[in-house]
Amino acid sequence: MIPSRASFRDIPLYSPSKTPCRVDLGDNTNLFGVAPAAERVLRESAPALLSRYPRGYAPDLRGALAARVGVAPEAVTTGCGSDDVLDSALRAFLEPGEVLAFHVPTFVMMPLFARVNGLRVRQVPPREDFDLDAEALLATEAKVLYLCSPNNPTGTVLSRAAVERVVERAPGLVIIDEAYADFARGPDFMDLARTRPNVLVTRTFSKAWGLAGMRVGWGVGAPALVAELEKARGPYKLTTLAEAMAVAVLEEGSDWVAARAALAVENRERLRAELVALGLSPLPSEGNFLLVPLPGAVQVAERMRERDVNVRAFQALPGVGDALRIGSGPWPLLETALVALRESLR
Ligand SMILES: *Cc1c(COP(=O)(O)O)cnc(C)c1O
């Protein structure tokens, strides 16, 4: 075998256990399905479109997002999922060997992207209330800081005061991952992306917006910052169909999305009450999921899978311990999951 880069060899392939289950609450996607506007694009698209390259840098989506957020198109970037936006940002703003810092627990892909890009990582443990320890994060002096709010997997949000302090004092780029902003009650941090030169806010069509299979993510930042990021991204990260569907959902489907997000939140709280009745203590959540601390979560999830229900299990999360992350969606799915959980706890 031809050896790969030395720093590459012991990086694991990211592959969450994916035995297909009838009820899958494992990845926080929109379990209500896809917006009618996206379905229409799929139905009406001419096959001839598939043999041509898309236009570079997804200009239609860029324009539509810019209009929605109230910025110039040059302040918007897009990518093959927000994974791609995050990965491109690391490539654009850090040399191999430099440091990426983030609070833990958080999005599992970040340590992986860091390693693939040859970066070093500093992890900052959570405060008791899961807010950001701004001073500890700043003390890393890392050139890129990653924040996630509402945070995956905890569901908790970061306080305005802590985020602003980090943005004020950071020596370099601050990424704020808002994959779950559509489910949150409070104001988001998009205003910081509009007004500060060092902030990139990322969003995705994979969760509330119902297009996980099409792989569409985006970000907002100062035009000078976005220009560097776009170089790392490359021209053809969005397919023609993905771009057209995202534009359609954005322009005609926001009401559909908002209504489903509201229902996901309502059912999440209904699920919380049932879990509390089982003696469990889910963390406060502003995402479309609940994190439930539970010793032996991996074994419980395994038994739930035997009952055709998939949830995500975590081991020894900082500040939490073992835990299950359960996605919210239509109530009948959550009810099925509850039955499987009750049987698996015995
Ligand atoms: C799901 C998720 C993403 C990215 O998803 P994409 O499908 O790549 O857009 C990014 N950040 C967090 C925190 C997520 O949970």
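Just so you know, ligand 1 is whichever comes first in the structure, and atom 1 is the first atom listed for that ligand. In what follows, residues are counted from 1 in the order of the sequence shown.
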Next on the checklist: If the criterion is any heavy atom closer than 4.0 Å to an atom of ligand 1, which residues make the list?
Outcome noted: Gly81, Ser82, Asp83, Phe107, Cys148, Asn152, Asp177, Ala179, Tyr180, Thr204, Ser206, Lys207, Arg215
Using a 3.5 Å cut-off and no angle test, enumerate the donor-acceptor pairs between side-chain atoms of residues 225-238 and protein atoms at least two apart in sequence or in another chain.
{"residue": "Glu228", "atom": "OE1", "partner": "Lys231", "partner atom": "NZ", "Å": "3.1"}
{"residue": "Glu228", "atom": "OE2", "partner": "Lys231", "partner atom": "NZ", "Å": "3.2"}
{"residue": "Glu230", "atom": "OE2", "partner": "Thr77", "partner atom": "OG1", "Å": "2.5"}
{"residue": "Arg233", "atom": "NE", "partner": "Thr78", "partner atom": "O", "Å": "2.5"}
{"residue": "Arg233", "atom": "NH1", "partner": "Pro235", "partner atom": "O", "Å": "3.2"}
{"residue": "Arg233", "atom": "NH2", "partner": "Thr78", "partner atom": "OG1", "Å": "2.9"}
{"residue": "Lys237", "atom": "NZ", "partner": "Asp84", "partner atom": "OD1", "Å": "2.7"}
{"residue": "Lys237", "atom": "NZ", "partner": "Asp84", "partner atom": "OD2", "Å": "3.3"}
{"residue": "Lys237", "atom": "NZ", "partner": "Arg233", "partner atom": "O", "Å": "3.2"}

Run the side-chain donor-acceptor check on residues 175-184: report pairs under 3.5 Å with partners two or more places apart or on a different chain.
{"residue": "Asp177", "atom": "OD1", "partner": "Ala179", "partner atom": "N", "Å": "3.0"}
{"residue": "Asp177", "atom": "OD2", "partner": "Tyr146", "partner atom": "OH", "Å": "2.7"}
{"residue": "Glu178", "atom": "OE1", "partner": "Arg203", "partner atom": "NE", "Å": "3.0"}
{"residue": "Glu178", "atom": "OE1", "partner": "Arg203", "partner atom": "NH2", "Å": "2.7"}
{"residue": "Glu178", "atom": "OE2", "partner": "Phe189", "partner atom": "N", "Å": "2.7"}
{"residue": "Tyr180", "atom": "OH", "partner": "Asn28", "partner atom": "ND2", "Å": "2.9"}
{"residue": "Tyr180", "atom": "OH", "partner": "Lys207", "partner atom": "NZ", "Å": "3.1"}
{"residue": "Asp182", "atom": "OD1", "partner": "Trp209", "partner atom": "NE1", "Å": "3.1"}
{"residue": "Asp182", "atom": "OD2", "partner": "Trp209", "partner atom": "NE1", "Å": "3.3"}

Next on the checklist: Using the side chain to side chain donor-acceptor pair (under 3.5 Å) criterion, which residues pair with Arg127? Sequence neighbours excluded.
Outcome noted: Asp129
Checklist entry - Is a salt bridge present between Arg160 and Asp131, judged by a nitrogen-to-oxygen distance below 4.0 Å? => result no
Next on the checklist: Strictly below 4.0 Å, N to O, side chains only: are Glu95 and Lys143 in salt-bridge contact?
Outcome noted: no
Next on the checklist: With a 4.0 Å cut-off on N to O distance, would you call Arg305 and Glu302 a salt bridge?
Outcome noted: yes
